[in-house]
Q: 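Structure provided below as structure tokens; questions to follow.
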Amino acid sequence: MTRGRADVNPKKRLITWIIVLVFCCGCFYAYTRSRGSSALEYGSKSLRKFGSSYWRGDEDNTDTSTKQEDDADDGFIPKSFPVCDDRHSEIIPCLDRNLIYQTRLKLDLSVMEHYERHCPLPEKRYNCLIPPPPGYRVPIKWPKSRDQIWKANIPHTHLATEKSDQNWMVVKGDKVVFPGGGTHFHYGADKYLASMANMLNFPKNSMNNEGNVRTVFDAGCGVASFGGYLLAYDILTMSLAPNDVHENQIQFALERGIPAYLGVLGTKRLPYPSRSFELAHCSRCRIDWLQRNGILLLELDRILRPGGYFAYSSPEAYAQDEEDLRIFRAMSAFVERMCWKIAVKRDQTVIWVKPLTNDCYMQREPGTQPPMCRSDDDPDLVWGVPMEACITPYSNQVHRSKGNALAPWPARLTTPPPRLADLGYSDDMFIKDTELWQRRVEHYWTVFGQNLESDTFRNVMDMKANLGSFAAALSNKEVWVMNVVPEDGPNTLKIVYDRGLLGSVHNWCESYSTYPRTYDLIHAWTVFSDIERRGCSIVDLLLEMDRILRPKGYIIYNDKRSIAEVIKKYLGALHWESVAISDSQLVEQDEDDVVFIIQKKMWLTSESLKDSE
């Protein structure tokens, strides 16, 4: 009897275990479905190898370079990439506060180090596709987008409540509407700008000052209505704000089609060369300008052109309480030692002006603070370079020209700027480059064929801008271009700014400082060849471009045919599709180069589809 029972019990136990296993699997499946898609954390050991990119945990000491080579030899190409968890739909890998918490970085919060770039190690990068939020729609086209966007595309409405008395934004049905208000211009940026132009005695109360004000820097820009309304004056504004308590303000700006960049006045130089802007603006931007021996004011001084203005609208400029008066007196004394002068002060705003020459600097008493920068300091070296609490003097050429070296806009776009000589470039080289890119862009548009409408693009990124001639060739279109200059190449960004264009320095082995889904067109000229030469991952770059690109946006690849063939194998996994391909010989490049046009498809997660229904 006992032996007989023993024969039966194992069967019962086996059936019981099978039932328990099925039940557990069902629970796990239901849980993962409820989460939308798999959440991928930094350093997750569950990830597979994808081409030249490999993830591992901290304790994994495998030699990844060998694995990457093996993958390339095997020709392993994924049929699909995993989709990031829905909660990562707005991830900015190098500005991710979760990374700071997980890696326990020791940062000084008082100087905003936690808002500066801190990138994950290559083996700990997200290697998944960033999903759009539930209900995502193709963005509203420019110029309507300046004043309204789809609420579902940026489902954050707390600023509408928090800033309701300042008219930043208003929720109306399925849209977010931007009345044009700001912290110190509740009644609209248009009236504020007209008042500012009047204060400065600019002709016809126009902020462009007959083309002599073209590039503007707005610190703590909010949702960038200041910069958005300056566009009507043919002025481009670099609207800057950190990913702080007013999170998504830069995302709102870019969704509106307004130039903007995620950054902070912290410890590192801003990614712009010296003498880039005619005007800097702060409207109650909550920046302590006197901290650390006035280092932030000195950073503004570095990026302002000779005779440039700093417009400061803040309680310190007009309030009569003891503390505000103390701050304003101290600030005024400091900028006076910097040789700034008050151009005008009215109501809530004071506007200082920077000197045109070195004369005032040379007349300062010995030992005056702040000091002049060292003669070996390069004010145009900015990538990862700490700020310096010193005054940047002008070169002899700038001193002699008294700040009048640049042509007014729009002649500035095609006039060779004096700083070409810094790079050893001739005027003839500049003119030929401008003409060459005009022909190349015309060829691009021919390759696009019937795919383009006049409003297909608004936000454009040139990943390797060189002298900015690609952007110059687009000047007759309703677009703005973020001209990116790689940090390891010629420092040509100052030429870009001297042409009246905007841009930033960047290292394409890392993620860019922008939100997902912010650009309609990405131009990649020889970028992949550079990445391959540096030993960085082509797959990581493809995933980063996918993160930045809006659904239904386009990529213009202009590079080696061999790399284009590799990219083709990833199209399906990335939800991209080939639009057209053409020999680059038609646009005067190497015979091995091709022009490859790619479009990103619109795709949604199951959670997004449910919400849309």
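This chain uses plain numbering: 1 for the first residue, then up along the sequence.
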Q: Search all heavy atoms of Arg440 against all heavy atoms of Trp437 and return the closest pair with its distance.
A: NH1-CZ2, 3.1 Å
Q: Assess the side chains of Asp559 and Thr526: does a donor N or O sit below 3.5 Å from an acceptor N or O?
A: no
Q: Sub-3.5 Å donor-acceptor pair from the side chain of Asn208 to the main-chain atoms of Tyr233, do we have one?
A: yes
Q: Taking Asn212 for its side chain and Pro408 for its backbone only, find out whether a donor-acceptor pair lies under 3.5 Å.
A: no
Q: For Lys560, does the NZ atom sit with more than 12 other heavy atoms under 6.0 Å from it, leaving out its own atoms?
A: no
Q: Taking side chain as C-beta onward, heavy atoms only, is Leu474 less than 4.5 Å from Phe457?
A: no
Q: Quick one: CG on Asp301 to CD1 on Ile295, what's the gap to the nearest 0.5 Å?
A: 12.5 Å
Q: Are Thr514 and Tyr261 packed together at the side-chain level, in the sense that at least one heavy-atom pair is separated by less than 4.5 angstrom?
A: no
Q: Let's go through Glu442 and Arg439 carefully: what are the C-alpha distance in whole Å and the side-chain angles of both, what is the deciding distance for salt bridge (Lys or Arg N to Asp or Glu O under 4.0 Å) to 0.1 Å, and is it a yes or a no?
A: CA-CA 5 Å; Glu442 288 171 0; Arg439 292 192 295 274; over 6 Å; no
Q: Between Glu544 and Ser511, do the side chains contain a donor N or O and an acceptor N or O under 3.5 Å apart?
A: yes
Q: Is any side-chain heavy atom of Glu299 closer than 4.5 Å to a side-chain heavy atom of Leu270?
A: yes
Q: Determine whether Ile351 and His281 make a side-chain contact, defined as any pair of heavy atoms from C-beta on separated by less than 4.5 Å.
A: no
Q: Going by an N to O cut-off under 4.0 Å, is there a salt bridge joining Arg305 and Asp498?
A: yes
Q: List the steps and the verdict of ring-ring contact (aromatic ring centres under 6.0 Å, His included) for Tyr309 and Trp340.
A: CA-CA 9 Å; Tyr309 299 99; Trp340 290 10; over 10 Å; no
Q: Has the side chain of Asn209 got a donor or acceptor atom that lies under 3.5 Å from a matching backbone atom of Phe202?
A: no
Q: If I take atom CG from residue Asp462 and atom CD1 from residue Ile522, how far apart are they, to the nearest 0.5 angstrom?
A: 11.0 Å
Q: To the nearest 0.5 Å, what is the distance between CE (Met331) and OG (Ser314)?
A: 8.0 Å
Q: Does Ser145 reach the main-chain N or O of Arg256 with its side chain, forming a donor-acceptor pair under 3.5 Å?
A: yes
Q: Picking from Thr434, Thr414, Thr415, what satisfies side-chain hydrogen bond (donor to acceptor under 3.5 Å, both in side chains) with Arg499?
A: Thr434
Q: As a quick check of understanding, evaluate side chain to side chain contact (heavy atoms under 4.5 Å, CB included) for Met362 and Asp359, giving each step before the final call.
A: CA-CA 5 Å; Met362 294 186 289; Asp359 290 344; 3.7 Å; yes
Q: Do the numbers put Arg146 on top of the ring of Tyr229, so that NZ or CZ is under 6.0 Å from the six-membered ring centre and no more than 45° off the axis?
A: yes
Q: List the steps, then state whether side chain to side chain contact (heavy atoms under 4.5 Å, CB included) holds for Met238 with Met482.
A: CA-CA 10 Å; Met238 181 62 77; Met482 180 66 80; 4.0 Å; yes
Q: At what distance, to the nearest 0.5 angstrom, does CD1 of Ile258 lie from CH2 of Trp142?
A: 5.5 Å
Q: With the side chain counted from C-beta on, respond yes when Ile235 and Arg214 share a heavy-atom pair under 4.5 Å apart, and no when they do not.
A: no
Q: Quick one: is the NZ or CZ of Lys464 closer than 6.0 Å to the six-membered ring centre of Trp525, and within 45° of its axis?
A: yes
Q: Any luck finding a side-chain donor-acceptor pair between Ser513 and Arg117 under 3.5 Å?
A: yes
Q: Quick check: do Arg534 and Asn507 have side-chain heavy atoms less than 4.5 Å from each other?
A: yes
Q: Report yes or no: do Tyr318 and Asp324 form a side-chain donor-acceptor pair below 3.5 Å?
A: no
Q: Does a side chain donor of either Glu278 or Thr215 reach within less than 3.5 Å of an acceptor in the other side chain?
A: yes
Q: So does Asp288 get a backbone contact from the side chain of Gln291, meaning a donor-acceptor N/O pair under 3.5 Å?
A: yes
Q: Please check: side-chain N/O of Ser395 versus main-chain N/O of Val398, any donor-acceptor pairing under 3.5 Å?
A: yes
Q: Using every non-hydrogen atom in the two residues, find where Val353 and Gly307 come nearest and quote the distance to one decimal.
A: CG2-O, 3.5 Å
Q: Between Trp508 and Tyr512, what is the ring plane arrangement, given parallel below 30°, perpendicular above 60°, and tilted in between?
A: parallel
Q: Report the distance from atom CG of Leu420 to atom CG of Leu467, rounding to the nearest 0.5 Å.
A: 7.0 Å
Q: Parallel, tilted or perpendicular, judged at 30° and 60°: which one describes the rings of Phe217 and Phe277?
A: tilted
Q: Looking only at heavy atoms, which two atoms of Pro370 and Ala389 are closest? And how far apart?
A: CB-O, 4.2 Å
Q: So which atom in Ala189 and which in Ser225 form the shortest heavy-atom distance, rounded to 0.1 Å?
A: CB-O, 3.8 Å
Q: Side chains of Arg284 and Pro315: does their closest heavy-atom pair fall under 4.5 Å?
A: yes
Q: Say whether Asp428 and Ser426, considering side chains only, have a donor N or O and an acceptor N or O under 3.5 Å apart.
A: no
Q: What is the minimum heavy-atom distance between Glu116 and Leu95, and which atoms define it?
A: O-CD2, 3.5 Å
Q: Please determine whether salt bridge (Lys or Arg N to Asp or Glu O under 4.0 Å) holds for the pair Lys432 and Glu435, giving the CA-CA distance in whole Å, both sets of side-chain angles, and the decisive distance to 0.1 Å.
A: CA-CA 5 Å; Lys432 287 181 177 178; Glu435 293 171 348; over 6 Å; no
Q: What distance do Cys94 atom SG and Glu510 atom CD have between them, rounded to the nearest 0.5 Å?
A: 5.0 Å
Q: With a cut-off of under 6.0 Å to the ring centre and 45° to the axis, is Arg550 in cation-pi contact with Tyr519?
A: no
Q: Test the Arg412-Trp409 pair against the cation-pi criterion, namely NZ or CZ under 6.0 angstrom from the six-membered ring centroid and within 45° of the ring axis.
A: no
Q: CG of Asn198: more than 12 outside heavy atoms within 6.0 angstrom?
A: yes
Q: Is the distance between the ring centroids of Tyr444 and His523 under 6.0 Å?
A: yes
Q: In residues 488-496, what donor-acceptor pairs under 3.5 Å come from side-chain atoms, sequence neighbours left out?
A:
unit_1, atom_1, unit_2, atom_2, d
Asn491, ND2, Asp380, O, 2.8
Thr492, OG1, Asn466, O, 2.6
Lys494, NZ, Asp380, OD2, 3.2
Lys494, NZ, Asp422, OD2, 3.4

Q: Measure from the ring center of Phe528 to the ring center of Tyr557 and say whether it is less than 6.0 Å.
A: yes
Q: Could you check if a side-chain atom of Glu336 sits within less than 4.5 angstrom of a side-chain atom of Ser332, using non-hydrogen atoms only?
A: no
Q: Quick one: do the Gln251 and Asn248 side chains pair a donor with an acceptor below 3.5 Å?
A: yes
Q: Quick one: closest heavy-atom pair of Ser469 and Asp433, and the distance?
A: OG-OD2, 2.5 Å
